[in-house]
Amino acid sequence: MTADSASAGLTIRPATLVDAEQVARIYNYYIENTVITFEESAVSAPEMSGRIADVQAKGLPWLVAELDGSVVGYCYATPWKVRSAYRHSVETTIYLKCGLGGRGIGRTLYSALLSALQKHGIHAVMGGAALPNAASVALHESLGFERVATFRQVGFKHGQWVDVAYWQLIFPITS
């Protein structure tokens with residue numbers, strides 16, 4: 001699938017294990033330099049490869065955004081909780097290569113994920129963000145997510161306490 005003119009030349013496709021090195025590089029920037037993720041140690045390409053395989057083995061999408069042959073972003077969904085009654089609910093994650101925000105890449109990528117989830121029969125989508133994170137807040141709200149919760153000071157990273165907020169999107173039930 002190809003993006004619109006907001007991000008011309010962008011391709012959204014399912015991740016492959018070959019993408020793990022570029023995905024890990026994108027993610028490791030956020031681990032090392034921000035409080036956006038609560039992970040504190042860099043992730044190796046083999047570890048990321050395992051994460052991609054695990055998500056896909058559950059039948060859930062892991063997508064990458066590719067521009068000029070390079071992965072510039074990724075997003076995926078994981079089960080919201082392990083109990084069977086939660087089977088129609090997922091939590092989503094999205095990361096873009098540092099410096100590429102505001103070009104429509106995130107919106108195009110996340111929209112593709114949401115479309116895939118809806119086709120997969122998912123009913124409730126939760127997206128979390130460490131705060132402050134104006135870009136993530138704007139992205140979720142522009143896609144119709146509603147802020148439903150804020151957990152205060154649940155993470156401690158880089159010498160500071162960090163809040164996490166959650167947004168939710170409900171897909172209509174179709175017969």
Can you list the steps and then say if Leu109 with Leu96 is a side chain to side chain contact (heavy atoms under 4.5 Å, CB included)? CA-CA 10 Å; Leu109 181 57; Leu96 296 181; 4.3 Å; yes
Evaluate the criterion side chain to side chain contact (heavy atoms under 4.5 Å, CB included) for residue pair Thr78 and Thr93; output intermediate values, then yes/no. CA-CA 8 Å; Thr78 55; Thr93 299; 5.7 Å; no
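The two residues Pro172 and Gln118 make their nearest non-hydrogen contact at CD-NE2, 4.0 Å. The shortest heavy-atom contact between Leu67 and Leu10 is CD1-N, 3.9 Å. What you find for Glu91 and Gly128 is that their closest heavy atoms are OE2-N, 4.4 Å. Summarising the geometry of Ser111 relative to Leu143, their closest heavy-atom pair is OG-CD2, 3.4 Å, with the distance given to 0.1 Å. Summarising the geometry of Ile52 relative to Ala15, their closest heavy-atom pair is CG2-CB, 4.1 Å, with the distance given to 0.1 Å. Residue Gly127 comes nearest to Phe145 through the heavy atom pair N-CE2, 4.2 Å, listed as atom of the first residue, atom of the second, then distance.
Rounded to the nearest 0.5 Å, atoms OG (Ser136) and CD (Glu141) are 9.5 Å apart. The distance from atom CD1 of Ile26 to atom CE of Met48, rounded to the nearest 0.5 Å, is 9.0 Å. Taken to the nearest 0.5 Å, the OG1 atom of Thr150 stands 6.5 Å off from the CH2 atom of Trp167. Rounded to the nearest 0.5 Å, atoms OG1 (Thr92) and CG (Leu169) are 9.0 Å apart. Here the CG-CG distance, from Asn133 to Asp163, works out to 12.5 Å after rounding to the nearest 0.5 Å. Taking CG from Leu117 and OG from Ser89, the interatomic distance works out to 11.0 Å, rounded to the nearest 0.5 Å.
Here the side chain of His88 pairs no donor or acceptor atom with the backbone of Ile122 at under 3.5 angstrom. At least one donor-acceptor pair under 3.5 Å links the side chain of Lys157 to the backbone N or O of Ile31. Between the side chain of Ser142 and the main chain of Leu139, a donor-acceptor pair closer than 3.5 Å is present. With Arg107 contributing its side chain and Gly104 its backbone, the two residues share no donor-acceptor pair below 3.5 Å.
Two residues are said to be in side-chain contact when any heavy atoms from C-beta on lie closer than 4.5 Å; Val72 and Ile105 meet this criterion. A 4.5 Å side-chain heavy-atom check between Val125 and Phe171 finds at least one atom pair inside the cut-off. Between Tyr74 and Asp19 the shortest side-chain heavy-atom distance does not fall below 4.5 Å. Side-chain contact between Cys98 and Arg25 is absent, with no heavy atoms from C-beta onward closer than 4.5 Å.
Through chains of ILVMFWY side-chain contacts below 4.5 Å, Val164 is grouped with Val35, Phe38, Trp80, Tyr86, Met126, Val148, Phe151, Val154, Val162, Tyr166. By the 4.5 Å side-chain criterion applied to Ile, Leu, Val, Met, Phe, Trp and Tyr, Val82 is assigned to no cluster and stands alone.
More than 12 heavy atoms of other residues, nucleotides or ligands shown are found within 6.0 angstrom of CG on Asn33.
Using the six-membered ring where Trp is involved, His140 and Tyr110 have ring planes that are perpendicular, over 60° apart on the 30 and 60° scheme.
Screening residues 38-61 for side chain to side chain donor-acceptor pair (under 3.5 Å), with sequence neighbours left out, gives Tyr27-Glu39, Glu39-Arg51, Glu47-Arg51, Asp54-Lys58.
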